[in-house]
Amino acid sequence: MDKILILDFGSQTTQLIGRRIRELGVYTEILPGDADLGAVLPQGGESGGAVPGTAGSAAAEGFAGGIRGIILSGSPASVYDPDAPAPDRRIYACGLPLLGICYGLQKMNVDNGGEVAPLPKREYGGVKVRVLRDSTGKPGMSRPGVSGGRFNKRPGKETFTAWMSHGDTLTKLAPGFTEVGRSETGYPAVLVHREKPWYGLQFHPEVTHCERGQEILASFVFGICRCRRGWSMEAYVETMRGDLTAKVGDTPVLLLVSGGVDSTAAAALLLKTLPASRVHLMYMDTGLMRKDETTQIKAALEKLGAEHLHMVSCGDEFFAALKGLEDPEAKRKVIGDLFITIQEREVAALGLPSSYFLAQGTLYTDLIESGAGVGKKARVIKCHHNVGSPLVEAKRQEGRIIEPLDRLYKDEVRALGRLLGVEEETVRRHPFPGPGLAVRILGEVTREKCAVLREADAVFIGELKKRPVPGKRGVSLYDSIWQAFAVLLPVRSVGVAGDLRRYGWVLALRAVTSADGMTAGVYPFLARDLAEIATLITNTVKDIGRVCYDISSKPPATIEWE
Ligand code: XMP
């Protein structure tokens, strides 16, 4: 399958580059910016001919080979920093098309004899870019039909609003580079190389606020790299089925499911690939789940064809372990440790042969390290309760871990789930933390408080699913929110119910917008919606006396309260 390799120098938007190109139907892989590329690069020569994996069906080729171009990402670093991340220099000799974005461009320029210097003032946000010169004669940027056409036809007249975030600028172009676009602030913004298929953008085409950003990426991917579209969920399923069958053979597979979209999609993929008799699913009901969640999860997995569904009911153990604990970290630690203890005990009780494979719903984003860790490439495991789990680590050592979603982004997992028949309700479900309601009950967690929170949360979420976004018929508030939930505060407050004094718990509602949970904004409800939802909660959940709305963004707050 044709693919674009992205070298990650730690930019916040590296993942976005990958996602945007996959939206175009082309597979992307991200490697640490300083990765040794000896094994993956073609050995010199022109792009195209020397690139492996350019023939045959995408499914037959799988994910190996097929690199058609390389993108060098942005970075929080400056090229002259003593520990500035540097790419494997073989990229400059391999003949593949290169696209440098922001730091990536600056690094290409400096590595090839150019110079870079700090700007008097950092540029951030929308900046107009004027196209100075037609790049015809170069393959790609102006190929008609590929959408770059208009971009290049009227040099000098064409402007668009690019999205910038840089503190340095090019001050001397490396030999061969020509400036074809300049920012209205007077700095080089679009560069092409006269002889080599090298391009550079000082701005970030991957950011949705960048006008024509997707066109520019398409021009690189199709016009310059000549990629063929091979990436789709259908192709992915076909490839994964082949891989899974070859790897697993007749051995049983155990998948730990949480009920979220990731593990449910992984379950669906296993059940649609292997005989159901060989797929074991284990779910732990910690007593810290939302209303009716366990029943719904069981029904959803059975509908997908699960035969061996091990529902472990361990609420008593969790409540006993949490008794008297108030400190958030202490609560998380106890829950994490207990997860591991119960997991080992229950897995042993299944009596599977020791050769069994352990599957997890790890995503691509869980595996990639950006920012500070560039180049160290530590493998991050998704759920907090699996971090350092001896069972997972032992299986990893044996090479018996299966992570069938580890090449997918969250939105792709949703598409995969739909394709494999996972119910819409599950596909659209908001993220839910491993420690469950325990981190949404501040202070000590008790069964009684869990019951109160569960009811209040169900009313909130039920209303979000019923209420449309103002002006957008058919789109519910729930679907336009990244994550919403209720939090029970360890505070009671005085109120009045009829003629009686009421002394009820205070509930906080949280609803955030986000792309990946790393940063989050407050969902801008209409005051009327919030007031009506609050009234409904205090009218139907008798222990709740007062409702507040959390208006904190992340950072500085986190999404969960503990
Ligand atoms: P925070 O609260 O750190 O959360 O802003 C970011 C996202 O991660 C989820 N979250 C967790 N998910 N295990 C998980 O699987 C956890 O321990 C955990 N803690 C937070 C949170 O719900 C949000 O989507």
Side-chain angles (χ1 to χ4, degrees), residues 12 15 255-266 282-290 293 297 318 321-322 325 327-340 342-343 360-368 370-371 379-389 392 403 405-406 409-411 413-414 426-442 445 453 457 460-461 464 478-489 508-523 550-562:
Q12 293 275 329
Q15 294 287 344
L255 172 71
L256 306 166
V257 286
S258 68
V261 57
D262 307 345
S263 59
T264 310
M282 182 178 283
Y283 166 83
M284 279 161 60
D285 180 355
T286 57
L288 304 166
M289 312 305 287
R290 289 163 291 187
E293 194 163 10
I297 290 168
F318 277 91
L322 286 165
L325 289 185
D327 176 65
E329 279 313 298
K331 284 159 67 176
R332 278 182 174 265
K333 169 115 182 52
V334 157
I335 294 171
D337 290 349
L338 192 54
F339 246 107
I340 291 172
I342 299 177
Q343 189 186 71
Q360 307 200 106
T362 314
L363 303 192
Y364 196 42
T365 33
D366 300 320
L367 298 183
I368 295 166
S370 298
R379 201 174 169 96
V380 182
I381 309 299
K382 183 177 185 269
C383 299
H384 89 294
H385 49 262
N386 283 341
V387 172
S389 155
V392 173
E403 293 173 310
L405 312 181
D406 69 355
Y409 290 105
K410 189 84 174 182
D411 41 0
V413 171
R414 293 206 162 98
T426 307
V427 166
R428 285 168 21 203
R429 184 172 287 163
H430 290 176
F432 187 60
L437 299 184
V439 291
R440 295 177 179 176
I441 295 172
L442 273 62
V445 179
L453 178 57
D457 187 74
F460 181 35
I461 299 300
L464 297 182
Y478 185 83
D479 284 338
S480 60
I481 291 171
W482 159 268
Q483 192 172 4
F485 52 91
V487 182
L488 191 67
L489 307 188
L509 301 182
R510 182 92 163 121
V512 295
T513 53
S514 180
D516 50 14
M518 302 294 286
T519 58
V522 179
Y523 189 76
D550 177 357
I551 52 166
S552 327
S553 61
K554 172 183 180 177
T558 52
I559 295 178
E560 302 292 344
W561 277 45
E562 283 194 341

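Order of listing sets the numbers, starting from 1, for every ligand and every atom in it.
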Distance-only side-chain donor-acceptor flag, Ser263 / Ser258, under 3.5 Å: yes
Which ligand 1 atoms does [X] reach within 4.0 Å, using its non-hydrogen atoms?
X      : value
Pro431 : 24 (O)
Thr558 : 1 (P), 2 (O), 5 (O)
Pro435 : 13 (N), 16 (C), 17 (O)
Gly434 : 12 (N), 13 (N), 14 (C), 15 (O), 16 (C)

Taking the six-membered ring of Tyr478, is NZ or CZ of Arg428 closer than 6.0 Å to its centre and within 45° of its axis? no
Between His430 and Phe485 (side chain of the first, backbone of the second, donor and acceptor by atom type, cut-off under 3.5 Å), is there such a pair? no
Yes or no on side-chain contact (heavy atoms from CB on, under 4.5 Å) for Trp561 and Arg510, after CA distance, side-chain angles and deciding distance? CA-CA 9 Å; Trp561 277 45; Arg510 182 92 163 121; 3.9 Å; yes
Side chain, backbone, both or neither: Pro433 near ligand 1, heavy atoms under 4.0 Å: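 It is both parts that get close, each with some atom under 4.0 Å.
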Proximity winner for atom 3 (O) of ligand 1, if only heavy atoms of Glu560, Arg332, Lys554 are counted: Lys554
Taking only Lys NZ, Arg NE, NH1 and NH2, and the carboxylate oxygens of Asp or Glu, determine whether Asp337 and Lys333 approach each other closer than 4.0 Å.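 So Asp337 pairs with Lys333 through a salt bridge.
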